[in-house]
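In what follows, chains are A, B, ... by sequence order, proteins preceding strands, each numbered from 1.
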There are 2 protein chains.
Amino acid sequence: MRRDVFQAIADPTRREIINMIAHHPLNVNAVAENFEVSRTAIYKHIKMLTECGLVVITQFGRERYCEARLEGLTEVADWVEQYRKIWTERFDNLENYLDELETKKKRSVRKK
Amino acid sequence: MRRDVFQAIADPTRREIINMIAHHPLNVNAVAENFEVSRTAIYKHIKMLTECGLVVITQFGRERYCEARLEGLTEVADWVEQYRKIWTERFDNLENYLDELETKKKRSVRKK
DNA sequence: TTATTGTGCAACCTTTAGGTTACATTAAAT
DNA sequence: ATTTAATGTAACCTAAAGGTTGCACAATAA
């Protein structure tokens, strides 16, 4: 199934899982042990992370190691970055527009 | 209500709304006109965006202008950035670990 | 004054998310 | 050969997400 990275990182538990395996792989049970919820619940989160490519699972014996593949986060990084100019230079870019709206507002208020 | 920025940007419609008003404010109906779904549906998305601080609404007469306040995206940017090293330098950092797992795997496969 | 426009919101519906328990399967340990 | 451990998955439940229609209300236009 094709999954959305934005959706994948929306859940705080999944973000925690990512953080947990970001530096070194862990098997499924090891990940699950760090949470209150059931192993099955964590397994589903992991599965979703694999479906959007943020995690890869490799089997060794009866264990399966979850490894972070965070390249997919570039999609998020790029999306956010396109707006950085806007929120850092907002006053330069929108001052005129806001002034205009402000004027409109005052006119409106006067009419009341 | 306190809302999560990660959750807010998880929905593609909300991301589109953000994109739509990123450079200049639009009133609620103007935003809604650009989508197939109902005005009410869009209104709810906008409301959620205001609840997490990404959008501010200012009333002028009977219109309400939605203005993007994207500073809140820094939370997302920061979260993603902390992992950039990992996905760009993964081979340097994890090579040993992966080699180790690889060795383990081969041993396991041999046993079959 | 009356009609129209822009909007907020209640009430309701359907799908999806996130969780649980129970069970099947395969590898490892006794 | 049996038992134990690690895991995948089905079946089910509840709450939340995302959508709709309908209505109330304030501001504007006629």
Side-chain angles (χ1 to χ4, degrees), chain A residues 1-18 21 25-52 55-67 101 104-112, chain B residues 1-18 21 25-52 55-67 101 104-112:
Chain A
M1 194 194 308
R2 189 64 203 117
R3 287 285 197 163
D4 186 326
V5 176
F6 286 90
Q7 181 110 27
I9 66 170
D11 185 274
T13 301
R14 283 193 292 269
R15 289 201 299 278
E16 221 179 309
I17 292 175
I18 288 174
I21 63 175
L26 283 178
N27 68 46
V28 176
N29 276 357
V31 173
E33 277 165 12
N34 291 283
F35 295 91
E36 292 299 300
V37 297
S38 71
R39 176 187 62 81
T40 305
I42 297 301
Y43 170 74
K44 283 195 202 173
H45 284 306
I46 292 175
K47 195 179 175 196
M48 176 166 181
L49 290 171
T50 66
E51 285 168 353
C52 70
V55 167
V56 164
I57 297 184
T58 315
Q59 181 167 355
F60 297 114
R62 62 184 166 186
E63 293 173 82
R64 303 192 189 189
Y65 281 84
C66 308
E67 186 188 338
L101 287 183
K104 217 169 153 187
K105 185 184 187 178
K106 279 174 189 156
R107 238 183 294 133
S108 168
V109 167
R110 247 201 313 279
K111 283 184 181 172
K112 279 177 190 159
Chain B
M1 196 192 311
R2 189 65 204 118
R3 287 285 197 161
D4 186 327
V5 176
F6 286 90
Q7 179 110 27
I9 65 169
D11 185 275
T13 301
R14 283 193 291 270
R15 289 202 299 278
E16 222 179 309
I17 292 174
I18 288 173
I21 64 175
L26 283 178
N27 67 47
V28 176
N29 276 357
V31 173
E33 277 165 11
N34 292 285
F35 295 91
E36 292 299 300
V37 298
S38 71
R39 176 186 63 81
T40 305
I42 298 301
Y43 169 73
K44 284 194 200 175
H45 283 307
I46 293 175
K47 196 181 176 193
M48 177 167 181
L49 290 171
T50 65
E51 283 167 355
C52 72
V55 167
V56 163
I57 297 185
T58 314
Q59 181 166 354
F60 297 114
R62 64 186 164 187
E63 293 173 82
R64 304 193 188 190
Y65 282 84
C66 309
E67 188 189 337
L101 287 182
K104 219 168 151 187
K105 186 182 186 178
K106 279 173 189 157
R107 238 183 293 133
S108 168
V109 167
R110 245 198 318 275
K111 285 184 183 174
K112 279 177 191 162

Spacing of B/Asp4 atom CG relative to C/dA17 atom P, expressed in whole Å
16 Å

Could you tell me the separation between the CD atom of B/Glu16 and the P atom of D/dG18, rounded to a whole number of Å?
14 Å

Rounded distance (Å) that lies between atom P of D/dG18 and atom CD of A/Gln7:
8 Å

Backbone N/O of B/Gly61 and side chain of B/Gln59: donor-acceptor pair under 3.5 Å
yes

Does some side-chain heavy atom of B/Ile17 sit less than 4.5 Å from a side-chain heavy atom of B/Phe35?
yes

Might you work through the side chain to side chain contact (heavy atoms under 4.5 Å, CB included) test for B/Thr13 and B/Ile42, ending with a clear yes or no?
CA-CA 8 Å; B/Thr13 301; B/Ile42 298 301; 4.0 Å; yes

Taking only N and O in the side chain of B/Tyr43, is any of them less than 4.0 Å away from OP1 or OP2 of C/dT7?
no

Identify which nucleotide among D/dG19, D/dA27, C/dT7 has an atom closest to any side-chain atom of B/Asn27, counting heavy atoms from C-beta outward.
C/dT7

Please tell me which of the listed nucleotides, C/dG6, D/dG18, C/dC9, lies nearest to the side chain of B/Glu63?
C/dG6

Just the rounded figure in Å: distance from C1' of D/dG19 to NZ of B/Lys47.
16 Å

Round to a whole Å and report the spacing from CD1 of B/Ile57 to C1' of C/dC9.
13 Å

I'd like to know if B/Arg62 reaches the base of D/dA27 with its side chain, counting only an N/O donor and acceptor under 3.5 Å.
yes

For B/Asp4 and A/Ala10, the nearest pair of non-hydrogen atoms, with its separation, is OD2-O, 4.4 Å

Tell me whether the side-chain N or O atoms of A/Lys44 pair up with the base of C/dG19 as donor and acceptor below 3.5 Å, since no angle test is needed here.
yes

Please check the phosphate of D/dG19 (OP1 and OP2 only) for any side-chain N or O of B/His45 closer than 4.0 Å.
yes

Going by number, which of residues 31-42 of chain A have a non-hydrogen atom under 4.0 Å from DNA chain C?
A/Val37, A/Ser38, A/Thr40, A/Ala41

From CG of A/Asn29 across to P of D/dG8 the rounded distance in Å is 9 Å

B/Arg15 (side chain) donor-acceptor with B/Ile9 (main chain) under 3.5 angstrom:
yes

Roughly, in whole Å, what's the span from CG in A/Leu26 to C1' in D/dA6?
14 Å

Of the non-hydrogen atoms in A/Cys52 and A/Val5, which two are nearest, and what is the gap between them?
O-CG2, 4.1 Å

Taking the side chain from A/Arg39 and the backbone from A/Val28, do they hold a donor-acceptor pair closer than 3.5 Å?
no

Assign each of A/Arg64 and A/Ala10 the nucleotide of DNA chain C bearing its closest heavy atom; nearer the 5' end lies the nucleotide of A/Ala10

To the nearest angstrom, how far is A/Glu51 atom CD from D/dT9 atom P?
10 Å

